[in-house]
Amino acid sequence: MNRPVRHFLTLQDISPQEFRHLIRRACELKAMQRRGEIHEPLRNKVLAMVFEKSSTRTRVAFEAAMTQFGGSAIFLSPRDTQLGRGEPVEDTARVLSRMVDAIMVRTYAHETLELFAAHSRVPVINGLSDRYHPCQLLADMQTFFEHRGDIRGRTVAWVGDGNNMCHSYINAASRLDFRLHIATPEGYEPAAELLAAHGDRVTLLRDPHAAVADADLVVTDVWASMGQEDENSRRRQAFQNYQVDSDLMARAAPDALFMHCLPAHRGEEVSAEVLEGPQSVVWDEAENRLHAQKALLEFLLAPAT
Ligand code: CP
Ligand code: NVA
């Protein structure tokens, strides 16, 4: 019997129970790999990876995941495909999805992903859009659970740009039931409709000190995302009081963790001292991209039942 196709474009595409399952499974898969256990649930399966923006972690994590699972991944850049020469997204989605078992897309407009998914016969995974970065949240939440246990009822502080990562944190707060305090400069807030939809979990503040007060986790991201390079100097000005440094971390809970999806700009959104300091779990967070994405691929392509 044909199962309906499940896409993963935002965290709203999975239920809170499924989110928790993915975190647990990511931890299991990590332990299995540490033990050297071979687990190949996706033998002969193929993942196409369409990257319209640069990537280190997302690409390597998906590619390694598919290889370790017994399948393979194909890296597609617009420089080499007809997509880059103007072949419509709808046509590309129809063609690719007749050949492969899942498609990961990293792109600019989130609508491109939605269009891709609407014309795909196989699961489409958001590898980052201007609006959301849900794969990163799977890894971030796994990392928190590993270090501190359940995040339910905890307080997370987002300091910096109200960007794709911030939007996915808003979704995660409502899915996993934690409080999210967001500090952004004026003009760089997350989308108003997301704030309105999740007002019970999310509070928007201006002052980073107020946002991190008693936080169990402090998170930041670059001040200029991919595609915003020409806004660099204006943004550096606007965000100058939003660096996560030791002074800011000292205002969070004493055992607060620090996360950053990477790549990081030391001396801008985070000081080198915090990034390399004892509260930082950014390297575990980066490694967990592999395990969390394995859990996601297994969930979408090889469910237990
Ligand atoms: N955090 C993240 O998505 O990294 P890449 O851009 O290297 O994939
Ligand atoms: N907000 C960043 C995240 C990079 C992983 C960007 O979109 O460039």
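All residue numbers in this chain count up from 1 along the given sequence. All figures in this text were calculated on a predicted structure; none of them were measured in a lab. Order of listing sets the numbers, starting from 1, for every ligand and every atom in it.
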Please list the nearest protein heavy atom to [atom] with its residue and the distance rounded to 0.1 Å.
atom	answer
atom 4 (C) of ligand 2	Leu128 CD1, 3.8 Å
atom 2 (C) of ligand 1	Arg289 NH1, 3.2 Å
atom 3 (C) of ligand 2	Asp221 OD2, 3.6 Å
atom 3 (O) of ligand 1	His133 NE2, 2.8 Å
atom 6 (O) of ligand 1	Arg106 NH1, 2.8 Å

Could you list which atoms of ligand 2 come closer than 4.0 Å to a heavy atom of Asn163?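 Once the distances to Asn163 are compared, the set is 1 (N).
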
Under-4.0 Å salt bridge between [X] and [Y]:
X	Y	answer
Lys53	Asp130	yes
Asp230	Arg234	no
Glu189	Arg206	yes

message = Measuring from atom 5 (P) of ligand 1, which candidate in Leu128, Thr56, Val282 has the nearest non-hydrogen atom?
response =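 Considering heavy atoms of Leu128, Thr56, Val282, the nearest to atom 5 (P) of ligand 1 sits in Thr56.
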
Notebook entry, point to check: For atom 8 (O) of ligand 2, which candidate among Gln136, Met226, Lys53 holds the nearest heavy atom?
Noted result: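 Minimum heavy-atom distance to atom 8 (O) of ligand 2 goes to Met226.
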
**Item:** Leu262, portion touching ligand 2 at heavy-atom distance under 4.0 Å
**Value:**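 It is the backbone that touches ligand 2; the side chain stays farther off.
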
Mind checking whether Asn164 contacts ligand 2 via backbone (N, CA, C, O), side chain (CB onward), both or neither, at a 4.0 Å heavy-atom cut-off?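 Just the side chain.
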
Where ligand 1 meets [X] - atom numbers and elements under 4.0 angstrom, heavy-atom basis:
X	result
Arg57	1 (N), 2 (C), 4 (O), 5 (P), 7 (O), 8 (O)
Leu262	1 (N), 2 (C), 4 (O)
Cys261	1 (N)

Sidechain-backbone polar pair: Asn126 side chain, Thr10 backbone, donor-acceptor under 3.5 Å:
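No; judged by distance alone, with no hydrogens or angles, the pair does not exist.
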
Quick check: His133 and ligand 2, any N/O pair under 3.5 Å apart?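 By distance alone, the answer is no.
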
Subject >> Arg289 versus Thr58, side-chain donor and acceptor atoms under 3.5 Å >> reply: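 Per modelled atom types, Thr58 and Arg289 side chains form a pair under 3.5 Å.
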
Pairing donors with acceptors under 3.5 angstrom, does anything connect the side chains of Asp221 and His133?
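Checked: Asp221/His133 side chains show no N/O donor-acceptor pair below 3.5 Å.
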
Sub-6.0 Å ring centroid separation between Phe299 and Phe8: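 No, the ring centres sit 6.0 Å or more apart.
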
Does Gln136 reach ligand 1 with a nitrogen or oxygen that is under 3.5 Å from one of the ligand's nitrogen or oxygen atoms?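 In this structure, Gln136 places an N or O atom under 3.5 Å from an N or O of ligand 1.
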
(message) Looking at every heavy atom in both Met226 and Arg106, which two are closest together, and how far apart are they?
(response)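 Smallest heavy-atom distance, with atoms named: CE-NH1, 3.5 Å.
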
Can you label the angle between the Tyr169 ring and the Trp158 ring as parallel, tilted or perpendicular, going by 30° and 60°?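 Tilted.
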
_Arg235 to Tyr188 six-membered ring, cation-pi geometry met (6.0 Å, 45°)_ =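 Not satisfied by the 6.0 Å and 45° rule.
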
query = Does Lys53 come within less than 4.0 angstrom of ligand 1, counting non-hydrogen atoms of the residue?
reply =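 No.
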
